[in-house]
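Taking it in order: structure first as structure tokens, then the write-up.
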There are 2 protein chains.
Amino acid sequence: MPASERLGSHIKDAEHALTATKHAVLKPAGLTVPQYAALLQLAENPGIPAAALARACRVTAPTMNTILNNLQQRGLITRTPHPWHRNVLETRLTELGTQVMAEADEGAVRVERGLAAEFTDEERAQLISLLARCSAYLESVRPD
Amino acid sequence: MPASERLGSHIKDAEHALTATKHAVLKPAGLTVPQYAALLQLAENPGIPAAALARACRVTAPTMNTILNNLQQRGLITRTPHPWHRNVLETRLTELGTQVMAEADEGAVRVERGLAAEFTDEERAQLISLLARCSAYLESVRPD
DNA sequence: GAACATTAATTAGAGCTCTAATCCCCTGTC
DNA sequence: GACAGGGGATTAGAGCTCTAATTAATGTTC
């Protein structure tokens, strides 16, 4: 079965192009793509625990831990113990983090708007629907 | 701009589901997804240099070097100097590598066939076309 | 109250990924 | 022959990603 016949190849190609372009766009802000994803969730959900952040970004907790350590070293976030649940750390953007996030978001949103503008409303809905069916099927057949 | 409105999120979701399912399917053969991709190209192009292999798998040369080192340590491939161009290494599957590849390919192809079967011919063509337009746009706007 | 399960956080270890830099060989051109 | 350029291979270093295991706090069940 040649690679060009595999739907997976086309999905991977598009994701690869997406990540490469996002990476290039985020470079001026000094953020990686996963770092930007984490900051975006943090901006919308201040104080969210790292475990919930990991789920929102579709990565595992140790992965998010790695990303947050790098963000913390750069002073973009703070992690403080939750007053009630002492087991939980509240993660928040610093002032610097908010600034860097805003700068990065500008470029990222520009890419997303440009990409969306390549399609009609109907085409966009079709693409989202077809991709959702891919995800649903792939998850349904996953061993475990 | 919420994440659910971003086409990129849906592309990433599908790719994530694809990789996770492929990872699970390849586990019995003891191969990672990138290792399988490299072996698939090697099976179709015996003796291909690592640099060309990297291009075929859409990774950089150092990345492919990492993957090939792991495959070589497991005895699945050999890398021998090219008789004419002593600078080039010919990469080939070993007998064991061919066996492991065949075992892994069975599962991977089953996933691809099942995924393809979720769609009509027209839907499949639409999905491929829409994804290609995403890739083309994203590459066209990438800073460099 | 004691045993159990759940969830958060972290560490260890393997593997993938990139950019930047280096080294080497071959092939042009002069 | 000298020398520059292109392409293949490799190393160094940073970062992301996973699974597996550990530790701690919360909550449930008896």
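Within every chain, numbering begins at 1; the chains are lettered A, B, ... in the order of the sequence lines, protein sequences first and strands thereafter.
Of the residues in residues 11-28 of chain B, not one places a heavy atom less than 4.0 Å from an atom of DNA chain D. Residues from residues 51-75 of chain A that place a heavy atom under 4.0 Å from any atom of DNA chain C, listed by number: A:Ala51, A:Arg55, A:Ala61, A:Pro62, A:Asn65.
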Does the pair A:Leu76 and A:Leu93 meet the rule for a side chain to side chain contact (heavy atoms under 4.5 Å, CB included), with working shown?
-> CA-CA 6 Å; A:Leu76 304 188; A:Leu93 289 177; 5.7 Å; no

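A heavy-atom distance below 4.5 Å is not found between the side chains of A:Glu90 and A:Pro81. In this structure the side chain of A:Tyr36 reaches within 4.5 angstrom of the side chain of A:Asp105, judged on heavy atoms.
A salt bridge does not link A:Glu118 with A:Arg124: none of the charged nitrogens is closer than 4.0 Å to a carboxylate oxygen.
To the nearest angstrom, P of C:dC18 lies 17 Å from CD of A:Gln35.
In this structure, B:Arg58 places its CZ atom where only 12 or fewer heavy-atom neighbours from other residues, nucleotides or ligands lie under 6.0 Å away.
Not counting sequence neighbours, the partners of A:Thr78 by the side-chain contact (heavy atoms from CB on, under 4.5 Å) test are A:Arg92, A:Thr94.
Annotation for A:Glu139 and B:Thr21: closest pair N-OG1, 4.3 Å, computed over non-hydrogen atoms.
Note on A:Leu68: it clusters hydrophobically with A:Val100, by side-chain heavy-atom contacts below 4.5 Å among ILVMFWY residues.
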